[in-house]
Peer 1: 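This structure is in structure tokens; I'll ask about it shortly.
Chain naming here is simple, since letters A, B, ... match the order of the sequence lines and numbering starts at 1 in each. Below, each value reflects all heavy atoms present in this structure, side chains not excepted, and no hydrogens, waters or symmetry copies.
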Amino acid sequence: MHSPVTKVTGFIALMIVQIILLALFWLFVRYSDGALPSDEGRGLGEEHVSKYPHFQDVQVMIYIGFGFLMTFLRKYGYSATGYTLFLAALVVQWSILVKGFFHMEDGKISLSLESIVDADIAAAVPLISMGALLGRTTPIQLLFMAIVEIVLFAANEYVALNIFSICDVGGSITVHAFGAYFGLAVSLMLRPGKEQNEAGKYEGANYTSDIFAMVGTLFLYVYWPSFNSVLADGSGQERAILNTYLSLAAATVTTFIVSALVSHENKLDMVHVQNSTLAGGVAIGTVCNLLVGSHGAILIGIIAGCISVLGYRYLSPRITDVLGIHDTCGVHNLHGMPALISAIASAIFANLVTKEKYKSELEQIFPAMAGAPENSSSTIILGGYERTASAQAGYQLCGIAVTLLVAIVGGILTGVVLKYTGMRKLQKHEHHQDELHWEVPEHKDD
Amino acid sequence: MHSPVTKVTGFIALMIVQIILLALFWLFVRYSDGALPSDEGRGLGEEHVSKYPHFQDVQVMIYIGFGFLMTFLRKYGYSATGYTLFLAALVVQWSILVKGFFHMEDGKISLSLESIVDADIAAAVPLISMGALLGRTTPIQLLFMAIVEIVLFAANEYVALNIFSICDVGGSITVHAFGAYFGLAVSLMLRPGKEQNEAGKYEGANYTSDIFAMVGTLFLYVYWPSFNSVLADGSGQERAILNTYLSLAAATVTTFIVSALVSHENKLDMVHVQNSTLAGGVAIGTVCNLLVGSHGAILIGIIAGCISVLGYRYLSPRITDVLGIHDTCGVHNLHGMPALISAIASAIFANLVTKEKYKSELEQIFPAMAGAPENSSSTIILGGYERTASAQAGYQLCGIAVTLLVAIVGGILTGVVLKYTGMRKLQKHEHHQDELHWEVPEHKDD
Amino acid sequence: MHSPVTKVTGFIALMIVQIILLALFWLFVRYSDGALPSDEGRGLGEEHVSKYPHFQDVQVMIYIGFGFLMTFLRKYGYSATGYTLFLAALVVQWSILVKGFFHMEDGKISLSLESIVDADIAAAVPLISMGALLGRTTPIQLLFMAIVEIVLFAANEYVALNIFSICDVGGSITVHAFGAYFGLAVSLMLRPGKEQNEAGKYEGANYTSDIFAMVGTLFLYVYWPSFNSVLADGSGQERAILNTYLSLAAATVTTFIVSALVSHENKLDMVHVQNSTLAGGVAIGTVCNLLVGSHGAILIGIIAGCISVLGYRYLSPRITDVLGIHDTCGVHNLHGMPALISAIASAIFANLVTKEKYKSELEQIFPAMAGAPENSSSTIILGGYERTASAQAGYQLCGIAVTLLVAIVGGILTGVVLKYTGMRKLQKHEHHQDELHWEVPEHKDD
């Protein structure tokens, strides 16, 4: 039995966090010019018209997609949907501030549609990490982790995009790889003692919970082209949509086939169907606006689906055995490895870039390969402008390497804090069940 | 046992209603000019491109959001989703006509994308009222209520927007307050005898029904910025999106915290998570396109989440005890009180309005504060043009006062008709279960 | 017991199919000009901004709408959602190629947003057919059927739209009628022996599965206006939205009423609510961009809802008795008959077309009724240009006639192959259950 007092303290601390957020918005955040009345009575910006539908799709992915994908645990559905909502609602406020601090003007953060698009994307990062820990932390631990993680994520993203100047329009490096390896590192630190390494009593699906999880899968599948293309511009936005669409389709077909081939009695496994089908969206992420060709997108999808299913079937059990990491949702197979594929693909395709092929879009997609813009004083691109294609390829690899480093070291340190400070921790028998933190109705499903 | 004959009569009456609707459309409704072929072969209007995605989001809120939010009752899921669909499908047709009668030109009602946006928003009104009655009426009673309610809603909205000239872009006053207090007034009239005041046998959730309800909650959450901004224009539309987004996030964080603090054993309560998280969307509604600032939006969200949870925990049981009102979904806590907060906030922020701050948008947002437009003959704004800020604030308060009056008196009269005319009423033991009106499969969930 | 070897062979064959698709994309498919960088750095095309939100709505319909609509079977939810995803993911790739072969330029297929809109619409065709077979085929049989069906669908669509030059913007003739009657013809060939004609042991819903099916119904309902309008242009797009919206609403009201009137004890039947409510979307499809008037749309909806419910109640049992066709989802009542209504309506409204009413949109909507365009060498419109209204009406009827012919003959031949070749077939006791092809968790829903 743990004392309600600890819980109360935790929740009061959170209320203070929310009030601090309020104060920080008061002090630092202002509507952008486009969101303020003007003398001309301008209409909606073009950005608004072209990006708002994408934004709403991303919202669905964060709240419904992630939330329901994690309802597959049969006694953890309140937590899956509830904590996703709680964590995302806190993180979007925090990330507007954190990301804003990197781009302040006159000491103020400018708030626009772009800010909340960025905030939703940032919310994906701790939600991915949560997948590696699902059912084995308290909500207070999750929220603490998320608050720390967003700071490291924003710093790493700044380094990767603004200093290394890598391309990563769909966020496979900065969002998916970061979130997955950070979560795995936290999971490593929170691993149970050797004697408790078997699966938890409630660590599994039932028929209904598996179908709820498909709500998550299918919305993530359907809207993934919007996630990958929301930050792309010009014709790159259309390529991002087309390539993501094809990569997902190819990964899905491959997932079903490989799942049937490697599973017990050649039956399909819902874990693969719920997750590996989406690996195509991650694996194409970094390169989705490049000239990869429709066949390139399909090839990446096939590889991603294949590796993801094999990861679930063969690699994950080994990781649990050897390292003691319980990756509840298998984020290593859905986000981790496919993001590595995307990073490698980005080095390959960056190496093929020429000014002739990318024309006026070179500057947008690979700013360091174009000439220096007129007022470039504020940007600090490593190695200066007019990078060669092979140099860009090298920076892409540096980008993923630094991301892995920051995520793993950051995750380990965060895990140490979660484990060795006074925060309440769950015991093995408390894992993967809502009852500890939720009022659960007595009546059975009758 | 009630006789099928009564049911048959009711359904035949409804078929006649549908045929009358057909006739009225034939007589009065015509495509707007924009929806007719022209000689120039014009493309899509700008309105279409910028509003259609918002419209579709609102559609999801009405049919999936409201429908699934009400599936939390464990034996009333067919009715929750089915009656929502039935009622909305009838009401959208009826409200195009009723709202159209207030704005006829040459005896005809003009049909455009705007009409169906308005129709969807109007459909929210009886769906909110339905929440206060859920499980305690027949479908025929619900539909009768909706038909009457739409007329009163449209009249009240006309008075509030066109005569009092209040601002209410997100409809918190005209839609949420009206729907909630109308429903509560009907519920008051249909209250059971004293001896039957305890909760119904089936008035509760089970594990699966609670997760279905989260489908509703999350879609309402995600698309609420579209609901609040669909009628806004210019930079006000972007502010409506940003403020709603932040208010919802802050209300959500607050809901979880307060729920844990006030609930039994400090456990989270799904009723709060499903409903109070959305109170931020209602509370920001009337003011979402004003210059409330991001901190203003967050503050309103915090207050709304807090009051809504406290309402569920402490006020609702008192209302049931004292007045006998069974507010099944707690619409008073999700729609009623947050709408009052929004109305009060609108008086406060209207009082701060200056021509300098709102520039060319003053005329759009507060037409009565701007100079009279050139052909203003058709509008009858109370007190004429060039209102002061404090006068506008006063009118905002008049707007909510009149809305409450019309809703409560209208609801009581409607309740009287539902109770004392020949319409079949449900007995206590028939409450909150589908079996009375639906073919329910025999096999258990196996 | 069937041998895993057969399954393995089937899945390896599918992997080869996916690799062939990869090769064909490599050889034949190229980004369209709009999806390639240009010197001017053009922004997003207008098409993109106006069509992408419609496209995403259609995606939801295909993957979530169809997938969940079919989860009503209580032991077939994994297959319903899973096979929908699998089949759609394969079909979209295949249909980009097949439809592309009809419109190649310089031996290459051009890939754009339009291609994937078309691919999603094409995916609806085998998914409709799947509804007529649900639970009675292996996934390999389904995929074989889909691959053949797409070829026939594309050929028939080419004939109907480009040679007969019929109007069919919402695809009721080319998509819904084709998919339904093709599936029914396959179902006819796969009918069980006489002694096995009773319903399968698991051919029914339970309480939870019925509510999951409502997720499908409601998303199809909400986004149907996007499906019908995604290929429309100019003011026709707005009419398509308005008419579909009204037809669906009228069909829904009618469905509830007629369901209550004809069902046992006058109770509502979830089968009707889940399906017949959508018949209004199909029945308005072919004519939704015409000048049918809002009353025309409502009338079509009333007729469709009525016929669809009566079909479920009286016609489907007869078809099973007489022809032995088990139409699991009742696609004849949701897609088949309403599509016939739409075809007949299209002949009636085509007969009323005048140049005066349609102005500059005549050429878009009825190209064969306008003068020949300047470079019309590539099109082969039957009977040449400047068709009369009554000739157009005749061609509309030819369009549906040829569609029925191709669908039924094609379906029978496909059924013959599925039945008499070596492909594994399901036995009666294997019907309508996931366990045969899926790992199903042991624990009950507890």
Side-chain angles (χ1 to χ4, degrees), chain A residues 46 49-50 53-54 57 74 204-208 210-211 214-215 217-219 221-223 225-226 233-239 241-242 245-246 248-250 252-254 256-257 260-261 263-270 273 277 291 293-295 298-299 302 357-362 444-445, chain C residues 4 7-8 11-12 14-15 18-19 21-23 25-26 29-31 34-45 48-49 52-53 56 59-60 63-64 67-68 71 77-78 81-82 85-86 88-90 92-93 111-113 115-116 139 208 212 215 437-441 443-446:
Chain A
E46 207 181 292
V49 171
S50 77
H54 291 247
D57 295 351
R74 71 185 193 281
N206 66 19
Y207 197 72
T208 302
D210 256 341
I211 298 178
M214 284 300 280
V215 173
T217 297
L218 292 172
F219 275 104
Y221 185 91
V222 157
Y223 287 142
S226 294
D233 288 300
S235 75
Q237 188 169 36
E238 189 157 349
R239 286 195 300 281
I241 292 164
L242 298 170
Y245 180 91
L246 289 171
L248 283 166
T252 295
V253 173
T254 308
F256 276 85
I257 294 168
L261 292 177
S263 295
H264 175 66
E265 289 186 345
N266 298 116
K267 289 183 176 183
L268 294 163
D269 187 329
M270 278 301 264
V273 170
T277 50
L291 293 163
S294 52
H295 53 281
I298 291 174
L299 182 61
I302 291 174
K357 284 192 275 183
Y358 283 85
K359 300 200 172 86
S360 64
E361 291 186 10
L362 185 68
K444 291 271 186 185
D445 283 9
Chain C
K7 267 194 191 173
V8 169
F11 281 105
I12 287 173
L14 273 176
M15 196 67 236
Q18 177 61 62
I19 289 164
L21 288 173
L22 169 63
F25 269 82
W26 207 312
V29 181
R30 297 292 175 270
Y31 296 125
L36 284 171
S38 72
D39 274 327
E40 307 86 51
R42 80 169 82 75
L44 275 173
H48 178 97
V49 170
Y52 185 69
Q56 284 294 47
Q59 288 254 84
V60 172
Y63 292 94
I64 289 107
F68 274 91
T71 57
Y78 290 8
T81 53
L85 174 59
F86 189 10
L90 187 71
V92 294
Q93 298 177 65
L111 184 72
S112 67
L113 182 61
S115 321
I116 58 175
T208 302
F212 273 123
V215 174
H437 288 96
W438 295 83
E439 301 262 10
V440 174
H443 12 253
K444 291 269 184 186
D445 284 9
D446 57 358

Peer 1: Can you confirm whether C:Leu90 sits close enough to A:Phe256 that some side-chain heavy atom of one is under 4.5 Å from a side-chain heavy atom of the other?
Peer 2: no
Peer 1: Check A:Arg239 against C:Ala35 and note the closest heavy-atom contact, atom names and distance.
Peer 2: NH1-O, 2.9 Å
Peer 1: Please report the closest heavy-atom contact between C:Gly77 and A:Ile211, naming both atoms and the distance.
Peer 2: CA-CD1, 3.7 Å
Peer 1: Measuring from atom CD of C:Gln59 to atom OH of A:Tyr221, what distance do you get when rounded to the nearest 0.5 angstrom?
Peer 2: 7.5 Å
Peer 1: Would you mind checking which part of C:Gln56 comes under 4.5 Å of any heavy atom in chain A, side chain (CB onward), backbone (N, CA, C, O), both or neither?
Peer 2: both
Peer 1: Verify whether the ring centers belonging to A:Tyr207 and C:Tyr78 lie closer than 6.0 Å.
Peer 2: yes
Peer 1: Is the shortest side-chain heavy-atom distance between C:Ser112 and A:Glu238 below 4.5 Å?
Peer 2: yes
Peer 1: So which of A:Leu291, A:Asp269, A:Thr217, A:Leu362 has the biggest tally of heavy-atom pairs under 4.5 Å with chain C?
Peer 2: A:Leu291
Peer 1: Going by side-chain hydrogen bond (donor to acceptor under 3.5 Å, both in side chains), name the residues that satisfy it together with A:Tyr358, two or more places apart in sequence or in a different chain.
Peer 2: none
Peer 1: Of all of A:Pro53, A:Ala250, A:Ala260, which one pairs up most often with chain C through heavy atoms under 4.5 Å apart?
Peer 2: A:Ala250
Peer 1: Between A:Thr277 and C:Phe86, is there a side-chain heavy-atom distance shorter than 4.5 Å?
Peer 2: no
Peer 1: Go through the atoms of C:Val60 and report whether side chain, backbone, both or neither lie under 4.5 Å from a heavy atom of chain A.
Peer 2: both
Peer 1: With no hydrogens and no angle check, is any side-chain donor or acceptor of A:Ser235 less than 3.5 Å from a backbone partner on C:Gly34?
Peer 2: no
Peer 1: Any chance you could lay out the side-chain contact (heavy atoms from CB on, under 4.5 Å) test for C:Trp26 and A:Ile298, step after step, and finish with the verdict?
Peer 2: CA-CA 9 Å; C:Trp26 207 312; A:Ile298 291 174; over 6 Å; no
Peer 1: Report the option among C:Tyr31, C:Phe11, C:Phe25, C:Phe68 that has the most heavy-atom pairs separated by less than 4.5 Å from atoms of chain A.
Peer 2: C:Tyr31
Peer 1: Which atom pair, heavy atoms only, marks the closest approach of C:Glu439 to A:Lys267?
Peer 2: N-CB, 3.8 Å
Peer 1: For A:Ile302, which atoms come within 4.5 Å of any heavy atom of chain C: side chain, backbone, both, or neither?
Peer 2: side chain
Peer 1: Any idea which of A:Gly293, A:Ser263, A:Ala249 has the most non-hydrogen atom pairs under 4.5 angstrom with chain C?
Peer 2: A:Ala249
Peer 1: CG/A:Leu299 to CG/C:Leu22 distance, rounded to the nearest 0.5 angstrom?
Peer 2: 5.5 Å
Peer 1: Kindly indicate whether the side chain of C:Thr81, heavy atoms from C-beta on, has any atom under 4.5 Å from the side chain of A:Val215.
Peer 2: no
Peer 1: Would you give the length of the straight line joining atom CG of C:Leu85 to atom CE of A:Met214, rounded to the nearest 0.5 angstrom?
Peer 2: 5.5 Å
Peer 1: Heavy atoms, side chains only, cut-off 4.5 Å: are A:Val253 and C:Leu14 in contact?
Peer 2: no
Peer 1: Less than 3.5 Å apart, any donor N or O on the side chain of A:Ser226 or C:Tyr52 sitting next to an acceptor on the other?
Peer 2: yes
Peer 1: With chain A as the partner, which of C:Ile19, C:Leu111, C:Leu21 has the greatest number of non-hydrogen pairs under 4.5 Å?
Peer 2: C:Leu111
Peer 1: Got a second to check how far A:Asp210's CG is from C:Trp438's CH2, nearest 0.5 Å?
Peer 2: 9.0 Å
Peer 1: State the CD-NE2 distance between A:Glu265 and C:His437, to the nearest 0.5 angstrom.
Peer 2: 11.5 Å
Peer 1: What's the separation between atom CD in A:Gln237 and atom CG in C:Leu113, rounded to the nearest 0.5 Å?
Peer 2: 10.0 Å
